[in-house]
Amino acid sequence: MDTEIELKFLVSEAVTPSIPALITQFAKTVTNKPSRNLQNAYFDTPSRELRALDIGLRTRCCDGVCEQTIKLAGDNVGGLHQRPEFNLPISGNRPELSAFDASIWPHGVQVDAIAENLYPLFSTNFIRRTWLVETQSGTLIEVVLDKGEVAANSSIEPICELEIELIKGERSELFLLAEKLIENLPLRMGLYSKAARGYRLADDTPLSASKEIDMVALTNEDSQERALEKCLNHGITFVQKHEQCYYQKPTLKTLKRITDGVSLIRHSLWLFKDIVEKQATERLRTELKWLLNELSWVETAIQLKTFTSKKHAYYKKINAAPDLAHVIDDLKDVQPTIEDVQQIFTSKRYNLLLLDLTIWLTERGWRQSWGQSQFQAAERNIHDIAAQLLEADWHEMRALVENEEPLSANEYLNLKQRLERNLLSGCCLGALFNEEARLNFRAPWLDIVHGTFELFTLHYLEQLCQGKDSEELEKIQAWLSQKTEYLLSAMEQSRDATRNTQPYWRD
């Protein structure tokens, strides 16, 4: 068995000629291997039994020689992929499962039954250029550039990927080479394998943006340190997923999901402050804040799109006031373009941030400044302290529930960030508690948060109307005031509902 430890990057064909020179600068010696045309087929059963077990089965043929490979479930952190794999020669291009050692299969798997029902789902065919890099310390790293396509049914997607795999030696050298590449090439760290892309094509299930950030999959057996790892990985993966979604279908709501993921990462560093010292994450926090600032225009852009959408009541009102429509059009014209956003995602700073997060998570960088108290806190069962963490975060929100006086629009807007932060704590820890109780508790709070977003929209539109003397704008302002009153009434009803729900972590 080999354990594959590699970093994957998505590159454009325009930058591939620069790769050999960069590798040579980094290495003590570089061995340039002959290019190969690799023809690969991926197999599963009609019911996707292997996929359900996170097992990949592939055959690969090159120059008349074929082998079969099984990749078992592994870890994927940022762009770092680690999976156990088993390789055996085969006489043809069909898998021979009986040739593998029986011990590699998860308990209860009916190997013979799976073998009988295997069929090829998709193929990946590409030209592979390979360089074997030896560093000054003796570490061996394989660098491969794959250019070709993944095909399933009648669908085809191009492949242009750069992978660096640790063959022998120190993982830190792999990260150093990654930094070298990021600093000199416009590339992106790759989350999804060729197999993952092939499955989506074969099953006609394209990658789609989430409607909201979902719960971190914690279990009652997790320690506090393991909970931190899961929360960070969840946030990083969420960001990278929606980065890829944006390339496939660029929308503002997809960018908003990226900011949600970044916010979850930042929040995790705060939530687990018993084991993560602020000074140890100062650089990461600075870079995460930079990224949020780079995308801070997204909520406003969503509002402007709402104003000009024919599906919303704003549309007719704005069309009745040409001066306001003109201002909104001017604001939309100065928004970053799709190309501007994509430049962020291929920038050195963005990808170094993802790499730094990957390294920090993989190497458990938070341990570097630990004393005895942090080691003890890290070992505590997360279920034993989750209620305590949620209660501490809830303390400042409790005053909002207990205050029976109606809140103004400005008061709600001032609470927006605190409300969102409280809900992020629930995303991090909520999976440990009863789902029905959690959903009932969070529902009115989610309504309030959505209400603050709409309040912000109404407030922004009202600001655009100010300072302009026209009858049409006066009518719009009166309409905005009425909409605000209706919305505040609905939000007060949601706030009343929060008084009738017991915090789910107290059950």
Side-chain angles (χ1 to χ4, degrees), residues 212-213 252-253 255-257 259-271 273 278 285 288-307 314 331 389-428 430 441-467 476-501 503:
E212 59 185 8
I213 194 160
L252 293 171
K253 289 184 178 179
L255 290 181
K256 179 63 173 65
R257 296 291 82 80
T259 65
D260 290 342
V262 175
S263 296
L264 183 73
I265 297 169
R266 291 182 76 199
H267 188 71
S268 300
L269 299 177
W270 171 84
L271 184 64
K273 50 185 175 290
K278 188 174 182 179
R285 292 173 193 265
L288 289 166
K289 184 178 180 180
W290 160 78
L291 181 54
L292 286 177
N293 287 338
E294 287 292 308
L295 299 175
S296 60
W297 57 273
V298 171
E299 285 198 9
T300 300
I302 291 174
Q303 294 157 19
L304 294 177
K305 185 176 181 180
T306 300
F307 301 158
Y314 302 111
L331 288 170
L389 294 172
L390 288 167
E391 193 69 31
D393 196 21
W394 169 248
H395 180 74
E396 65 179 17
M397 301 309 303
R398 189 163 52 203
L400 178 60
V401 177
E402 294 171 351
N403 179 13
E404 295 186 3
E405 293 295 320
L407 298 182
S408 67
N410 284 335
E411 287 174 315
Y412 272 116
L413 289 174
N414 290 335
L415 287 167
K416 183 174 181 289
Q417 287 189 339
R418 280 190 285 168
L419 287 166
E420 290 175 340
R421 190 181 75 181
N422 194 262
L423 289 171
L424 282 173
S425 292
C427 288
C428 291
F441 178 83
R442 286 171 62 87
W445 289 106
L446 285 167
D447 288 341
I448 293 172
V449 169
H450 293 154
T452 61
F453 184 81
E454 190 170 350
L455 273 179
F456 195 76
T457 299
L458 294 168
H459 180 68
Y460 186 75
L461 187 54
E462 187 176 5
Q463 286 181 314
L464 295 180
C465 291
Q466 290 176 356
I476 289 179
Q477 286 182 307
W479 175 75
L480 288 171
S481 297
Q482 185 182 55
K483 290 282 289 183
T484 299
E485 288 179 10
Y486 289 153
L487 181 57
L488 286 173
S489 177
M491 293 172 71
E492 284 297 313
Q493 291 179 28
S494 295
R495 192 160 70 97
D496 287 340
T498 66
R499 301 186 180 100
N500 300 322
T501 55

**Q** Taking Asn414 for the side chain and Asn410 for the main chain, is one N or O donor matched with an acceptor at less than 3.5 Å?
**A** yes
**Q** When you measure from the side chain of Arg421 to the backbone N and O of His267, does any donor-acceptor pair fall under 3.5 Å?
**A** no
**Q** Return the minimal non-hydrogen interatomic distance between Trp394 and Pro503, and the atom names on each side.
**A** NE1-CG, 4.2 Å
**Q** More than 12 foreign heavy atoms under 6.0 Å from CD of Gln417: is that the case here?
**A** no
**Q** Between Cys427 and Ile213, what is the shortest heavy-atom contact and its length?
**A** SG-CG2, 3.8 Å
**Q** Using 30° and 60° as the class boundaries, would you call the ring planes of Phe456 and Tyr460 parallel, tilted or perpendicular?
**A** parallel
**Q** Considering all heavy atoms of both residues, which atom of Phe453 and which atom of Ile302 are nearest to each other, and what is their separation?
**A** CZ-CG2, 3.9 Å
**Q** Looking at OG1 of Thr484 and NE2 of His459, how far apart are the two atoms once the value is rounded to the nearest 0.5 Å?
**A** 10.0 Å
**Q** Quick one: do Lys416 and Leu455 satisfy side chain to side chain contact (heavy atoms under 4.5 Å, CB included)? Show the steps, please.
**A** CA-CA 10 Å; Lys416 183 174 181 289; Leu455 273 179; over 6 Å; no
**Q** Would you mind reporting whether Leu415 and Thr452 have side-chain heavy atoms less than 4.5 Å apart?
**A** no
**Q** Just how far is it from atom CD of Gln303 to atom CD of Glu454, taken to the nearest 0.5 Å?
**A** 10.5 Å
**Q** Going from CG on Leu255 to CD on Glu299, what distance comes out if it is rounded to the nearest 0.5 angstrom?
**A** 12.0 Å
**Q** Nearest 0.5 Å please: distance from the CG atom of Asp447 over to the CE atom of Met491.
**A** 9.5 Å
**Q** Which atom pair, heavy atoms only, marks the closest approach of Arg495 to Glu405?
**A** NH2-O, 2.6 Å
**Q** Is it the case that the side chain of Glu462 and the backbone of Gln477 share a donor-acceptor pair, with hydrogens and angles ignored and the cut-off at 3.5 Å?
**A** no
**Q** Kindly indicate, with the supporting measurements, whether the criterion side chain to side chain contact (heavy atoms under 4.5 Å, CB included) is fulfilled by Leu424 and Glu420.
**A** CA-CA 6 Å; Leu424 282 173; Glu420 290 175 340; 5.6 Å; no
**Q** Show the nearest heavy-atom pair for residues Leu271 and Cys428, with the distance to one decimal.
**A** CD2-CB, 3.7 Å
**Q** What verdict does the side chain to side chain contact (heavy atoms under 4.5 Å, CB included) test give for Leu480 and Ile476, after you've listed the backbone C-alpha separation in whole Å, the side-chain angles of each residue and the deciding distance to 0.1 Å?
**A** CA-CA 6 Å; Leu480 288 171; Ile476 289 179; 3.9 Å; yes
**Q** Would Val262 and Trp290 satisfy side chain to side chain contact (heavy atoms under 4.5 Å, CB included), going step by step from the backbone distance to the final call?
**A** CA-CA 10 Å; Val262 175; Trp290 160 78; over 6 Å; no
**Q** How about NZ on Lys273, more than 12 heavy atoms from neighbouring residues, nucleotides or ligands closer than 6.0 Å, or not?
**A** yes
**Q** Which atom pair, heavy atoms only, marks the closest approach of Ser494 to Ile448?
**A** CB-CG1, 3.7 Å
**Q** To the nearest 0.5 Å, what is the distance between CG (Leu488) and CD (Gln493)?
**A** 11.5 Å
**Q** Under 3.5 Å, side chain of Asp260 to main-chain N/O of Glu212, donor-acceptor pair present?
**A** no
**Q** So, taking the atom named CD in Gln482 and the one named CG in Leu458, what distance separates them when rounded to the nearest 0.5 Å?
**A** 11.5 Å
**Q** If we only count heavy atoms from C-beta on, is the Leu252 to Trp297 side-chain gap below 4.5 Å?
**A** yes
